[in-house]
Amino acid sequence: MSRNVVSMFLLGATGYIGGSVLAVLRERFPGLKITALVRSETHFDAIRATGITPIHGSFENQALITEHSARADVVLNAADSDDLNLTLSILRGMKQRYESGKPKGILIHTSGVAVFLDSETTGVFDKNGKLWNDSEEDDIRSITPSMLHGHIDVPILNAGNEGYAHTYIVCPAAVVGPSLGPIGKSSFFVKAVVQMSLVNKRALYVGEGSNEFNIVHIDDVVDLYCRVFELSTEEKGLQSFNPYARYFIATSKSISWREIATFAGASLYKRDILKRPEPLSVNLTDLPPYFAFLAASERIVAVRGKELGWAPRDVSLERWFQANVDAVLEGLHVD
Ligand SMILES: *[C@@H]1O[C@H](CO)[C@@H](O)[C@H](O)[C@H]1NC(C)=O
Ligand SMILES: *[C@@H]1O[C@H](CO)[C@@H](O)[C@H](O)[C@H]1NC(C)=O
Ligand SMILES: *[C@@H]1O[C@H](CO)[C@@H](O)[C@H](O)[C@H]1NC(C)=O
């Protein structure tokens with residue numbers, strides 16, 4: 001690690017991705033001084049036990065977030081990919097830091113591959129649809145605020161382009177695998193699939209369900225963050241910086257929604273939570289509007305991380321569902 005990167009402000013330490021990143025950063029970069037924004041004081045002891053300093057506050061404490069973002073060499077946001085005020089508070093701090101004559105701050109932000117969802121509504125995979133390649137700068141430049149998470153990615157890319165911060169965006173697929181973090185949290189994705197199946201009393205897919213999502217293992221996601229962090233410290237002194245070449249998609253493989261629903265249905269049936277194991281094909285028009293993602297696909301290629309030596313393993317979603325559905329269920333109220 002370069003000597004002039006010593007402090008990090010971390011958002012998301014109690015979460016699934018952020019907590020896992022925290023655990024591995026502590027191991028690999030023990031000299032890094034990490035300060036973390038923590039909402040609930042009940043988590044302070046667990047956070048302190050990892051050797052980092054908790055600060056009490058929520059995303060609404062904009063001045064506090066700005067202050068700590070101005071102070072730290074690196075800000076890592078693994079807390080939220082949709083909260084614009086949070087991101088603007090961070091960017092304000094980084095701008096203040098730059099204008100005060102300090103070395104440019106580094107921002108490592110977390111987006112999500114849903115930004116690249118197509119607009120398919122029938123559950124059919126469009127194999128001629130646009131392929132988003134993180135190694136194609138034009139693809140990253142064509143992210144717009146109307147895309148999911150795009151309203152956050154765009155101001156961050158703009159900040160990197162304006163030149164007051166070095167910005168890095170890690171964009172994970174649906175993350176699976178056990179949390180490595182201090183506060184036990186299960187995969188947001190599996191939790192969402194389980195919840196959706198419980199509410200509808202069946203695992204669901206739309207139409208023929210050939211539309212594809214992407215998945216990646218938490219250990220690989222964490223490894224990519226560490227590689228991006230290392231790269232960011234090496235690039236610290238750069239005068240010219242290209243944020244469009246610093247967008248990292250993290251995916252291991254794609255999987256159809258019909259398969260996802262099949263695994264979810266089978267594992268919930270096995271636990272007597274659903275009455276039928278087979279998933280049910282539905283029409284998107286029968287679901288609430290926020291289910292639109294269920295019919296759409298992500299066609300993505302992850303190249304940038306591989307240039308850093310990142311080599312994600314194959315992920316068995318079936319195995320992961322069987323192994324971790326219990327952890328998800330424990331955290332939900334199942335009647
Ligand atoms: C964002 O912050 C501004 C103040 O800076 C506030 O007026 C606004 O309500 C906030 N928006 C949301 C969605 O919280
Ligand atoms: C992704 O983009 C890079 C850089 O242009 C290119 O070398 C690579 O072939 C592309 N990959 C795919 C699968 O299109
Ligand atoms: C879905 O519902 C719409 C509106 O009710 C209908 O027009 C369409 O034919 C349905 N599609 C399928 C595949 O059932």
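Keep in mind the model is a prediction, meaning the values are calculated, not measured. One-based numbering, in listed order, for ligands and for the atoms of each.
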Does the side chain of N283 pick up a donor-acceptor pair with the side chain of T285 at under 3.5 Å?
yes
Give a yes-or-no answer on whether the side chains of S297 and N211 include a donor-acceptor pair shorter than 3.5 Å.
no
Answer yes or no: is there a donor N or O on one side and an acceptor on the other, between the side chain of R97 and the main chain of R71, under 3.5 Å?
yes
Checking the side chain of T53 only, and the main-chain atoms of T35 only, is there a donor and an acceptor separated by less than 3.5 Å?
no
I want to check something: taking the side chain as every heavy atom from C-beta on, are V216 and V315 in contact at a cut-off of under 4.5 Å?
no
With side-chain contact (heavy atoms from CB on, under 4.5 Å) as the test, would you mind laying out the steps for N161 and Y244 before giving the verdict?
CA-CA 8 Å; N161 197 36; Y244 306 102; 3.7 Å; yes
Hey, is Q62 touching ligand 1 through its side chain, its backbone, both or neither, going by heavy atoms under 4.0 Å?
side chain
Tell me which residues fall inside the under-4.0 Å heavy-atom shell around ligand 2.
N133, S135, E136, V301
